[in-house]
Amino acid sequence: MMKKKYSDEDILRFLYDEMEGDERESFMDHLCTDEELWERYEEFSDVVQRLAELRIEPSELSVEKVLAFAKTYDPAVQPLAEASVRRFPFRIHLNTVLLLMGILMVSAAVSGVRKHDKAPVLQEQMVKSEPPAEMIRWDDSDLEAKLQDVRNGIEEIQNNPTL
Amino acid sequence: MKKTQDKDLIKGFMAGHEQCFEELLRRYKAKIFTTIYLIVKDRDLTEDLFQDVMMKVVRMIRGGSYNEEGKFLPWVIRIARNLAIDHFRKAQRNPVQRETEDYDVFHSLGRAENSSEDNVIMDENTRYIKRLIQLLPEKQREVLVMRSYADLSFKEIAAITNVSINTALGRMRYALLNLKKLAQDHAIPQDDEEKVFG
């Protein structure tokens, strides 16, 4: 058999099972007859075998936690945060909605108070223990409608998986 | 008994059979854990990252995000590397990017060197090999870890590290030759050296 020159890289491809078919067969044939090739092969083979002995196992606790998670995880009821991480920042949108809701409530409250703005009366009556009825009777009919709109919006966002 | 293929185990798990995932975990937990450990070099951190990685694997498989064209172990290793990078990015508050041509993950992660190993129980031989691996130049260590423990092919390693297959093979060659040289340079007693590297 004609002696073929195999590189160290060829030896590594053979060692790691990345040589196939005729090339692999030819290499094995040369390995049996080429002493120099065999010595180089042995040199790498020893190191590769010792490397393979390095196995570090995870703790039993870690394995149990992972298995427990795998048993209980249900993608249908995944936490909202989890969905928001995968999709584009849904969590940001939700926070924005909550912020808007807060602003709406405050602005609605302020507009209700302004309708019954009786600052002079207020100042006069502050010393009394009981506030006048006019101060606490706000026109809150449209406030409730606004809050319901925000609730509907949140529900729509939660139910829309494309967001 | 014929060994069930990974893709069938994954399909089984997607269908709700948890024992399929248990088998996958049994097959690959050591390789995954060892790879993570050789990257981050800290036992406690490795335990945490291992759990994070495998839980993410569960979420992605059950959520239908697993791509059947890729092999299971390399896919998990990519997740592990990215989570390790994320961890160090948060820890160091460094705007490190993932997997770009200019970024060498093993250079950055190498800063976790010399972490406490008090809780690690491994025999002297294993500890010795691990220490030698960590002495390798980063690019050589990266190829060696990915081929020997993460089971990525040289072709996959070349794709991940943005080099040619020949370069990946060359780095592996140097890594193995350097391991032998390092063993000699670190004045190992002759008997132990032969025990380790023949």
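Order of the sequence lines fixes the chain letters, A, B, ..., with proteins taken first and strands second; residue numbering starts at 1 for each chain. Hydrogens, waters and symmetry mates are skipped; everything else that's a heavy atom, side chains included, is used.
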If you compare all heavy atoms of [X] against all heavy atoms of [Y], which two are closest, and at what distance to 0.1 Å?
{"X": "E9(A)", "Y": "G170(B)", "result": "OE2-CA, 3.7 Å"}
{"X": "V66(A)", "Y": "F21(B)", "result": "CG1-CE2, 3.6 Å"}
{"X": "S59(A)", "Y": "R43(B)", "result": "N-NH2, 3.8 Å"}
{"X": "D8(A)", "Y": "R173(B)", "result": "OD2-NE, 2.6 Å"}
{"X": "I129(B)", "Y": "R50(A)", "result": "CD1-O, 3.4 Å"}

Backbone N/O of [Y] and side chain of [X]: donor-acceptor pair under 3.5 Å:
{"X": "Q51(B)", "Y": "K65(A)", "result": "no"}
{"X": "T34(B)", "Y": "I56(A)", "result": "yes"}
{"X": "Y149(B)", "Y": "L51(A)", "result": "yes"}
{"X": "E18(A)", "Y": "S153(B)", "result": "no"}
{"X": "R147(B)", "Y": "Y16(A)", "result": "yes"}

Can you tell which part of [X] gets under 4.5 Å to a heavy atom of chain A, answering side chain, backbone, both or neither?
{"X": "I133(B)", "answer": "side chain"}
{"X": "L176(B)", "answer": "both"}
{"X": "I32(B)", "answer": "neither"}

Let me confirm one number: the [atom1]-[atom2] distance from [X] to [Y], rounded to the nearest 0.5 Å.
{"X": "Y73(A)", "Y": "E18(B)", "atom1": "OH", "atom2": "CD", "value": "13.5 Å"}
{"X": "K29(B)", "Y": "E57(A)", "atom1": "NZ", "atom2": "CD", "value": "4.0 Å"}
{"X": "D46(A)", "Y": "L179(B)", "atom1": "CG", "atom2": "CG", "value": "12.5 Å"}
{"X": "R62(B)", "Y": "F69(A)", "atom1": "CZ", "atom2": "CZ", "value": "10.0 Å"}

### Query
Step by step, would you call L38(B) with L54(A) a side-chain contact (heavy atoms from CB on, under 4.5 Å)?
CA-CA 10 Å; L38(B) 288 173; L54(A) 177 61; 4.2 Å; yes
### Query
Which residue out of Q19(B), E22(B), K155(B) racks up the most heavy-atom pairs below 4.5 Å with chain A?
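Result: the option with the highest number of such pairs is E22(B).
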## Note on the structure
Ranking S62(A), A70(A), P58(A) by heavy-atom pairs under 4.5 Å to chain B gives rank one to P58(A)
### Message
In this structure, would V163(B) and M146(B) fall into the same cluster of hydrophobic residues linked by side-chain contacts under 4.5 Å?
### Response
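No, V163(B) does not connect to M146(B) through the hydrophobic network.
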### Query
Hey, quick one: are Y174(B) and V143(B) part of the same hydrophobic cluster, counting side-chain heavy atoms closer than 4.5 Å, chains of contacts allowed?
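No; V143(B) is not reachable from Y174(B) via cluster members.
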